[in-house]
2 protein chains.
Amino acid sequence: MEDASVLHLENQFCFPLYAVSRLTTKLYVPLLKEIDLTYPQYLVLLVLWENDLQTVNEIGNCLVLESNTLTPLLKRLEQKKLIKRMRKKEDERIVTIALTEQGKALKNHAVSIPQKIASLFKNTGLTEEDYGTFQQTLLKLLSTLKKETSKN
Amino acid sequence: MEDASVLHLENQFCFPLYAVSRLTTKLYVPLLKEIDLTYPQYLVLLVLWENDLQTVNEIGNCLVLESNTLTPLLKRLEQKKLIKRMRKKEDERIVTIALTEQGKALKNHAVSIPQKIASLFKNTGLTEEDYGTFQQTLLKLLSTLKKETSKN
DNA sequence: TGCGATTAAATCATGCGCGATATAAATGTA
DNA sequence: TACATTTATATCGCGCATGATTTAATCGCA
């Protein structure tokens with residue numbers, strides 16, 4: 001009989017990856033609630049705070065998300081008056097996303113979030129170096145997986 | 001003016017964590033499609049293959065999911081005739097989940113999946129040791145975050 | 001025994017993710 | 001200029017996730 005221990009949860013990194021990702025998102029919830037944002041909405045704003053006036057596709061490239069996810073999400077951000085959606089005159093297919101004044105102003109509140117999140121990761125027994133290694137691994141995986149999944 | 005570079009995507013590990021988790025789940029899709037399962041459904045079966053006859057709560061503890069996610073998911077697995085849901089006679093609040101013969105049999109197909117997934121992670125430039133470190137970090141984070149979020 | 005508190009699961013509403021498809025605009029080319 | 005092809009976004013359907021609430025059963029204790 002084949003050894004089935006390969007099927008045990010603790011012998012895979014995919015499950016902890018999935019679980020840690022969900023639990024990490026939960027850490028943001030109370031902080032983002034203060035500014036009435038979900039985590040994916042916050043990510044879109046991060047992208048725009050870094051570079052305003054990007055197309056749906058460009059935002060999607062940054063976040064590895066497509067229009068089927070972004071379009072409804074962006075409409076919600078528009079309803080909250082944080083962004084504007086404008087079709088390009090030169091090419092009516094393309095929608096440019098721009099921050100409103102309100103959307104720009106929100107950045108001032110958001111700058112405190114990374115610090116607060118970081119403090120929640122202090123009592124894990126992991127060192128700064130561990131986190132650096134962890135992030136480097138994630139970035140390598142992200143880069144590889146992005147290529148892998150865009151092949152089709 | 002405060003330095004806003006803390007808000008840049010690449011300066012956080014939460015975003016790559018979120019993205020890598022999603023992309024990793026996508027790697028399972030073609031493999032799981034062969035046995036008509038989603039990734040969360042596959043995880044529930046992993047738990048049951050390891051220990052049959054568990055309650056909804058027990059499965060939830062393993063996967064860090066609650067009944068609001070599990071109940072509908074388990075009903076779908078029941079529709080597929082992979083599990084049975086049975087209320088305990090001693091305590092009618094508790095639902096025990098049992099694999100059907102079909103559910104048990106599916107394990108034989110599933111044993112090949114971890115191997116196939118592992119092979120997709122070969123060309124990342126990461127060594128076996130890197131993966132070991134990565135998994136250890138994830139497990140530490142998982143354990144800490146589980147406590148952190150169960151506090152409330 | 002009676003009844004408030006607790007517990008397990010289910011239900012509800014909302015917002016992602018994402019495969020598949022549609023729409024509409026722009027492009028290439030015969 | 002016609003028309004097939006490509007491109008950008010949108011729409012649709014479904015299955016998670018999850019906070020909030022509900023339902024129903026059990027427990028604890030006066």
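- Atoms CD (B:Gln54) and P (C:dA9) sit 12 Å apart, rounded to a whole Å.
- Looking at A:Arg93, A:Lys88, A:Arg87, A:Lys89 one by one, the single match for side chain to side chain donor-acceptor pair (under 3.5 Å) with A:Asp91 turns out to be A:Arg93.
- OP1 or OP2 of D:dC16 has not a single side-chain nitrogen or oxygen of A:Arg22 nearer than 4.0 Å.
- For B:Thr38, a side-chain nitrogen or oxygen approaches OP1 or OP2 of D:dC16 to under 4.0 Å.
- Between A:Arg87 and D:dT9 there is no side-chain polar atom (N or O) within less than 4.0 angstrom of OP1 or OP2.
- For A:Lys80, no side-chain nitrogen or oxygen approaches OP1 or OP2 of C:dG15 to under 4.0 Å.
- Applying the 4.0 Å criterion to OP1 and OP2 of C:dA9, one finds that B:Ser67 has every side-chain N and O outside that range.
- Atom CZ of B:Phe15 is separated from atom P of C:dC16 by 15 Å (rounded to the nearest Å).
- Between B:Tyr42 and B:Tyr28, the two ring planes are tilted [angle within 30° to 60°].
- Among the atoms of the strands shown, none is found under 4.0 Å from any heavy atom of A:Glu58.
- The phosphate of C:dG17 (OP1 or OP2) has no side-chain N or O of A:Thr69 nearer than 4.0 angstrom.
- For B:Asp91 and D:dG28, the CG to C1' distance is 15 Å, given to the nearest whole Å.
- Distances shorter than 4.0 Å separate none of the side-chain N or O atoms of A:Arg85 from OP1 or OP2 on D:dT9.
- A:Tyr18 has a side-chain polar atom (N or O) that falls below the 4.0 Å cut-off from OP1 or OP2 of D:dA17.
- Heavy-atom nearest nucleotides on DNA chain C were determined for A:Glu66 and for B:Pro72, and the one closer to the 5' end corresponds to B:Pro72.
- With D:dT26, C:dA25, D:dT11 as the candidates, the nucleotide lying closest to the side chain of A:Arg93 is C:dA25.
- Residue contacts shown for A:Thr55 are limited to sugar-phosphate atoms, with no base heavy atom under 4.0 Å away.
- If you check the side chains of A:Tyr39 and A:Thr24, you find no donor sitting under 3.5 Å from an acceptor.
- Candidate nucleotides C:dA26, D:dG15, D:dT18 were compared by shortest atom distance to the side chain of A:Glu92, and C:dA26 ranks first.
- Phosphate proximity of D:dT7 to A:Asn57: absent, as no side-chain N or O sits under 4.0 Å from OP1 or OP2.
- No contact: A:Lys88 has no heavy atom under 4.0 Å from any strand.
- Distance NZ (A:Lys33) to P (C:dT14): 15 Å, rounded to an integer number of Å.
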